[in-house]
Amino acid sequence: MWYDQPFRETRHLTALLRAIRQEAARPIRIMEVCGGQTYALSRYRIEELLPDTVQMIHGPGCPVCVTPAETVDQALAIARLPGTTLCSFGDMIRVPGSGGKSLQHLRTEGYDIRIVYSPLDALDIARENRNRQVVFFAIGFETTTPLYTLLLSQAVAERLGNLSLLTSLFTLPAAIRFLTRDPECHTDALLAAGHVCSITGIDEYRKLARQTRRPIAVTGFEPADLLYGIYRVIQLHTRGEARVVNAYARAVPPQGNEKARRETSRFFTPCDARWRGLGTIPGSGLKLRPAYEQYEARNRFHCTVSLPNGTNPCRAGEIMKGKISPRECPLFGRRCTPDSPMGPSMVSAEGACAAFYRYRTT
């Protein structure tokens, strides 16, 4: 028996949907802030089963989607340097920079760009290629950053001088707070990402619920997890309670993962961060501490690029704020498809545009 099967059984889902319909008497807008949740909502077509009073909004929870174009431009510039090998996850190499080219384009032109499945793969590449500078394009949220601390810890121990990271790291609470203060971003409740909270714990989200005056449910990614989280925030919203419920207790301990947070704090410190489509959000990013700045590729290669000029027709930023749905973007399904993406939200499997295109366009 598969472990996830009970969370997909029809009788459980039917009971949860019945409870949601009974509870959702008045309109509510719920934002999920994780690309994994967006993907699951689309894959299982859960939104189509919800009553008309419940509207889901797809937030900025995909690291590929929120990495700004100028950071992609920096990756492109570094990849073009002689004697350099650039490594990244598969989705990231397909994201276009401000000029329309992606790392995949450079790869076809003969530059040494490698797809890896773990940041630790970059260690082996650096050990085996001591005459080359190996750069890992390190994107992610609180869940991925601890992996980068493993990479850095080993690089420091081995004194690897030919390995560095081009960092694009984000933290979610500041972004959630930022969005809830946007008068054009109307949300009544939030679904927090279970895997993020398995690292951070839920104390920060308790504070967030009080500050934003919105109920929050920490959820997993199976259909029953999502429906239960939706049911609980509707219940809290109806009662006027702005607090957190842990609807994913089988994976999220209230205190999170203290060791992972300790290692993250060893190497990284909070900073302001620029999010694609959202702008600069104070305190929403992570950068290397001064003691480890030599491992930041921007410093090693003194790589500067200009902010993109002109208007990008991609409207992913508005989609991540819940202002429009992917179908309302004039590029969607026409000039912008998974085979020919105009923006990162159509590249990443966890992007709202890609999920809509794959599961909800027919």
Side-chain angles (χ1 to χ4, degrees), residues 16-17 19-62 65-66 172-194 196 205 208-221 223 225-245 247-248 275 277-278 281 315-329 332 345 350-353 355-356 359-360:
L16 285 165
L17 283 166
I20 288 172
R21 291 193 184 101
Q22 289 174 351
E23 197 71 38
R26 59 181 176 131
I28 180 170
R29 288 165 57 95
I30 305 170
M31 175 180 277
E32 85 273 2
V33 290
C34 171
Q37 292 169 332
T38 302
Y39 175 83
L41 287 169
S42 292
R43 178 185 176 189
Y44 297 109
R45 307 189 78 146
I46 289 173
E47 291 177 78
E48 297 168 44
L49 302 174
L50 297 174
D52 292 340
T53 49
V54 180
Q55 181 182 354
M56 300 303 299
I57 302 167
H58 313 297
C62 163
C65 300
V66 301
L172 278 169
I176 295 171
R177 197 175 293 111
F178 173 84
L179 286 174
T180 56
R181 290 172 180 167
D182 185 338
E184 295 183 358
C185 179
H186 304 294
T187 60
D188 300 304
L190 299 153
L191 300 185
V196 168
Y205 287 84
L208 202 57
R210 289 195 299 272
Q211 291 172 340
T212 63
R213 299 178 181 176
R214 288 164 173 80
I216 300 174
V218 179
T219 82
F221 306 92
D225 291 321
L226 291 163
L227 288 173
Y228 183 56
I230 291 168
Y231 167 70
R232 290 305 310 272
V233 291
I234 293 173
Q235 196 177 46
L236 293 173
H237 179 64
T238 301
R239 296 173 183 169
E241 297 181 29
R243 63 183 178 87
V244 175
V245 293
Y248 196 35
W275 298 54
L278 302 182
I281 302 178
R315 298 180 66 183
E318 294 170 84
I319 294 167
M320 290 188 288
K321 290 181 178 179
K323 295 180 180 178
I324 63 170
S325 77
R327 289 195 189 95
E328 292 176 83
C329 176
F332 180 80
S345 188
E350 295 186 350
C353 295
F356 264 63
Y359 294 110
R360 299 173 60 177

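If you're wondering where the values come from, they're calculated on a predicted model, not measured in any experiment.
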How would you list, by chain and number, every residue that makes a side chain to side chain donor-acceptor pair (under 3.5 Å) with Q22, sequence neighbours excluded? none
Go through the structure and list residues passing ring pair (Phe, Tyr, Trp, His ring centres under 6.0 Å) with F178, not counting sequence neighbours. none
With sequence neighbours excluded, tell me which residues meet ring pair (Phe, Tyr, Trp, His ring centres under 6.0 Å) with Y205. none
As an exercise, state the distance from [atom1] of [X] to [atom2] of [Y], rounded to the nearest 0.5 Å.
X	Y	atom1	atom2	result
F221	C34	CZ	SG	4.0 Å
C62	Q37	SG	CD	12.5 Å
M320	M31	CE	CE	10.0 Å
I216	L208	CD1	CG	4.5 Å
C353	I319	SG	CD1	3.5 Å
F356	Y39	CZ	OH	14.5 Å

Across all chains, not counting sequence neighbours, the side chain to side chain contact (heavy atoms under 4.5 Å, CB included) partners of Y231 are A19, I20, E23, Y228, Q235
Is there any salt bridge (charged side-chain N to carboxylate O under 4.0 Å, His left out) pair reaching into residues 210-219, and which pairs are they, with sequence neighbours excluded?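 Checked against salt bridge (charged side-chain N to carboxylate O under 4.0 Å, His left out) - neighbours excluded - no pair reaches residues 210-219.
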What salt bridge (charged side-chain N to carboxylate O under 4.0 Å, His left out) pairs are there with at least one residue in residues 235-245, not counting sequence neighbours? E241-R243
Quick one: does any side-chain atom of [X] pair with a main-chain N or O of [Y] as donor and acceptor, under 3.5 Å?
X	Y	value
S42	Y359	no
T53	A24	yes
R232	A217	no

Could you tell me whether R26 atom CZ has more than 12 heavy atoms of other residues or ligands within 6.0 Å of it?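 Yes, enclosed.
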Minimum heavy-atom distance [X]-[Y], with the two atoms named:
X	Y	answer
H237	P27	NE2-O, 4.1 Å
L41	M56	CD1-CE, 4.0 Å
A352	P326	O-CG, 4.0 Å
W275	P60	CZ3-O, 3.7 Å

Do [X] and [Y] have side chains that get closer than 4.5 Å, going by heavy atoms?
X	Y	answer
H58	E47	yes
I230	T219	no
I281	L179	no
L227	L50	yes
L226	P223	no
L190	V233	no

Thinking salt bridges, do K323 and E184 make one under a 4.0 Å N-O criterion? yes
